[in-house]
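A short write-up of the structure that comes next.
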Amino acid sequence: MPTQIQLAWLAGLVDGEGSITVFKNYEKKAGVTKLCPTICIVNTNLVIINEVVKIADELGVSFHIFERTPEKKEHAPAIQL
């Protein structure tokens, strides 16, 4: 289980670098619409992303990781979790 300090750090990261949204997903098979709350964090620092992954694993939270290609050459590639 993450410590209170780790959870506070994660909350600050989500507040400063992340976003919280809800997607509507229609499941044809079940014939129902489900709401999917989602937290997204994008960062270029792999150490930060790895710490978020560690905390999410400890909490049992599922996640997906994507590499985002920068639109401008001078920008670094980012990781979206």
Please report the closest heavy-atom contact between [X] and [Y], naming both atoms and the distance.
X	Y	result
Phe63	Ala56	CD2-CB, 3.8 Å
Leu35	Pro37	O-CD, 3.5 Å
Ile55	Pro2	CG2-CG, 3.9 Å

Please tell me whether Glu51 and Gln6 have a donor and an acceptor in their side chains that are separated by less than 3.5 angstrom. yes

Are more than 12 heavy atoms from other residues, nucleotides or ligands located less than 6.0 Å from atom CD1 of Ile65? yes

Taking atom CD of Glu74 as the centre, report whether more than 12 heavy atoms of other residues, nucleotides or ligands fall under 6.0 Å from it. yes

Which value, rounded to the nearest 0.5 Å, describes the distance between [X] atom [atom1] and [Y] atom [atom2]?
X	Y	atom1	atom2	value
Asn43	Leu13	CG	CG	6.5 Å
Ser19	Ile39	OG	CD1	9.0 Å
Glu17	Ile48	CD	CD1	7.0 Å
Leu81	Ile41	CG	CD1	6.0 Å

Check whether [X] and [Y] end up in the same hydrophobic cluster, where Ile, Leu, Val, Met, Phe, Trp and Tyr are linked by side-chain heavy atoms less than 4.5 Å apart.
X	Y	answer
Met1	Ile5	no
Trp9	Ile20	yes
Phe23	Phe66	no

